[in-house]
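One structure below.
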Amino acid sequence: MTNFPEILYNKIKSIISGWNEPDIFAISFFVHSNECYEYNGFSNITTFAVSYNTEEGCNHAGPYDEERWNYAYWEQDETFIIDTYEPDSLIDELFEWYKENNIQNIGYEDENDHDSEGNYIGKGSVGEYELAMLVADIAKRLQDEGFIKNHFQKTIPIIVHDLEYPWYYIEATKYANPNGEADEFIKYITNVC
């Protein structure tokens, strides 16, 4: 049995430990699936990368400005941890974890997952939601242990997201920041979505 959550936790912690920019104000846990991402006969595979944004990178935008929180404005300098193209990624371990947790039909997405008012109520492609919840658990652990605050000498939110912000990413981000670290982001995103 693989210890994928612990392997992933240690990899994330190691990467963040190398970040020393003094004006980091947000950490990105970017979980993204794409039909072009293929692995072992599956398509629409979910990838995972970490990055951050700085005050300088957002031009010192206000606390609820789009330039601060919309990932499209960030520098896009991710470190991929799970990827179909990176030879050192943890893609094999992810698929073993899927298997151990009986997560099947990887990449499948039901296009009919909308309520009667047209709001999306699905959880993305199979494997995406599960990975998002796993990294939210890891983010919460990093916050609860005080790792983020101790490393950066300040409180910093960890945003769990994709290119869009459906309901489950907002919930994952709330969960990942148990002491209100992401309150400004949550206020921004709930007013936008």
Side-chain angles (χ1 to χ4, degrees), residues 4-5 7-34 36-37 45-91 93-94 124 127-143 145 147-166 168-177 181-186 188-189 192-193:
F4 179 63
I7 293 167
L8 189 56
Y9 165 82
N10 288 322
K11 181 80 169 179
I12 292 167
K13 193 172 180 179
S14 173
I15 291 166
I16 293 173
S17 292
W19 297 345
N20 296 309
E21 289 77 357
D23 65 340
I24 292 174
F25 71 84
I27 296 171
S28 163
F29 278 19
F30 180 60
V31 182
H32 180 65
S33 62
N34 187 305
C36 295
Y37 301 157
I45 301 304
T46 302
T47 60
F48 172 61
V50 295
S51 65
Y52 56 83
N53 201 3
T54 63
E55 292 293 350
E56 184 178 333
C58 76
N59 295 315
H60 301 275
Y64 305 109
D65 290 347
E66 184 174 17
E67 290 80 9
R68 175 172 289 273
W69 297 116
N70 186 332
Y71 189 65
Y73 289 96
W74 289 28
E75 294 179 17
Q76 309 291 319
D77 188 20
E78 304 98 349
T79 300
F80 276 90
I81 297 174
I82 299 170
D83 188 52
T84 56
Y85 299 109
E86 296 290 327
D88 295 330
S89 87
L90 299 176
I91 192 81
E93 291 86 348
L94 172 64
E128 179 180 351
Y129 176 81
E130 294 81 0
L131 181 57
M133 295 306 105
L134 175 59
V135 300
D137 278 339
I138 291 170
K140 182 179 185 301
R141 181 176 170 189
L142 292 169
Q143 297 287 25
E145 292 175 348
F147 170 75
I148 299 298
K149 189 170 186 177
N150 291 334
H151 180 69
F152 295 103
Q153 299 301 302
K154 61 183 175 181
T155 300
I156 296 178
I158 300 172
I159 312 303
V160 181
H161 66 98
D162 191 1
L163 295 174
E164 302 288 330
Y165 301 94
Y168 54 93
Y169 281 114
I170 295 170
E171 292 303 313
T173 297
K174 287 179 185 176
Y175 175 77
N177 297 278
E181 296 92 345
D183 285 354
E184 286 182 355
F185 168 77
I186 297 300
Y188 159 77
I189 203 67
V192 171
C193 293

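Starting from 1, each residue takes its place in the sequence as its number.
- Atom CZ of Phe80 is separated from atom CD1 of Ile15 by 11.5 Å, given to the nearest 0.5 angstrom.
- Counting non-hydrogen atoms of neighbouring residues, nucleotides and ligands closer than 6.0 angstrom, the CD atom of Glu21 exceeds 12 such neighbours.
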Check the pair Ile12, Phe48 against side chain to side chain contact (heavy atoms under 4.5 Å, CB included), reporting the backbone distance first and the verdict last. CA-CA 10 Å; Ile12 292 167; Phe48 172 61; 3.6 Å; yes

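- The two residues Ala172 and Ala136 come nearest to each other via the heavy atoms O-CB, 3.7 Å.
- Without hydrogens or angle criteria, His151 side chain to Trp19 main chain gives a donor-acceptor distance under 3.5 Å.
- When every heavy atom of Pro5 is checked against every heavy atom of Ile138, the shortest pair comes out as O-CD1, 3.8 Å.
- Contact check for Leu8 versus Glu93: no side-chain heavy atoms found under the 4.5 Å cut-off.
- For the atom pair Thr54 OG1 and Trp74 CH2, the distance stands at 9.5 Å (nearest 0.5 Å).
- Note: Gln76 CD to Tyr71 OH = 4.5 Å, rounded to the nearest 0.5 Å.
- With contacts defined as side-chain heavy-atom distances shorter than 4.5 Å, the pair Asp137/Met133 does not qualify.
- Counting heavy atoms from C-beta on, the side chains of Ile16 and Phe147 come closer than 4.5 Å.
- Here the CG atom belonging to Leu142 is positioned 8.0 Å from the CD1 atom belonging to Ile27, to the nearest 0.5 angstrom.
- Using a 4.5 Å cut-off on side-chain heavy atoms (C-beta onward), Tyr37 and Ile91 make no contact.
- A distance-only check finds a donor-acceptor pair linking the side chain of Gln143 to the backbone of Ile156 [under 3.5 Å].
- Side-chain contact between Thr155 and Ile148 is absent, with no heavy-atom pair separated by less than 4.5 Å.
- Put simply, the side chain of Asn34 gets close to the backbone of Cys36: a donor and an acceptor are under 3.5 Å apart.
- Taken to the nearest 0.5 Å, the OG1 atom of Thr47 stands 10.0 Å off from the CG atom of Leu94.
- Considering every non-hydrogen atom in both Cys58 and Glu67, the closest pair reads CB-O, 3.4 Å.
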Please report the C-alpha distance between Tyr188 and Tyr165 in whole Å, then the side-chain angles of each, then the deciding distance to 0.1 Å, and finally whether the ring-ring contact (aromatic ring centres under 6.0 Å, His included) criterion is met. CA-CA 11 Å; Tyr188 159 77; Tyr165 301 94; 7.6 Å; no

Stepwise side chain to side chain contact (heavy atoms under 4.5 Å, CB included) check, Val160 with Thr173: CA-CA 5 Å; Val160 181; Thr173 297; 3.8 Å; yes

Trace of the side chain to side chain contact (heavy atoms under 4.5 Å, CB included) decision for Glu55 with Arg68: CA-CA 8 Å; Glu55 292 293 350; Arg68 175 172 289 273; 2.6 Å; yes

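- Ile189 has its side chain out of reach of Trp69: every pair of non-hydrogen atoms, C-beta onward, lies at least 4.5 Å apart.
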Passes side chain to side chain contact (heavy atoms under 4.5 Å, CB included), Val50 versus Phe30? Steps please. CA-CA 6 Å; Val50 295; Phe30 180 60; over 6 Å; no

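- The minimum heavy-atom distance between Pro157 and Phe25, with the atom names listed, is CD-O, 3.1 Å.
- Evaluation of the side-chain contact (heavy atoms from CB on, under 4.5 Å) rule for Asp77 yields no partner, not counting sequence neighbours.
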Pair His161, Phe29 - check ring-ring contact (aromatic ring centres under 6.0 Å, His included), show working. CA-CA 6 Å; His161 66 98; Phe29 278 19; 9.2 Å; no

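- With a 4.5 Å cut-off on side-chain heavy atoms, His32 and Leu163 count as touching.
- Counting only heavy atoms from C-beta outward, the side chains of Ile82 and Leu90 approach each other to under 4.5 Å.
- Between the OH atom of Tyr175 and the CD1 atom of Ile158 there is a distance of 12.5 Å, given to the nearest 0.5 Å.
- Checked options Lys174, Glu128, Glu164; the residue passing with Tyr169 is Glu128 (criterion: side-chain hydrogen bond (donor to acceptor under 3.5 Å, both in side chains)).
- Under the salt bridge (charged side-chain N to carboxylate O under 4.0 Å, His left out) criterion, Glu145 pairs with Arg141, sequence neighbours left out.
- Between the side chain of Lys11 and the backbone N or O of Ser89 there is no donor-acceptor pair closer than 3.5 Å.
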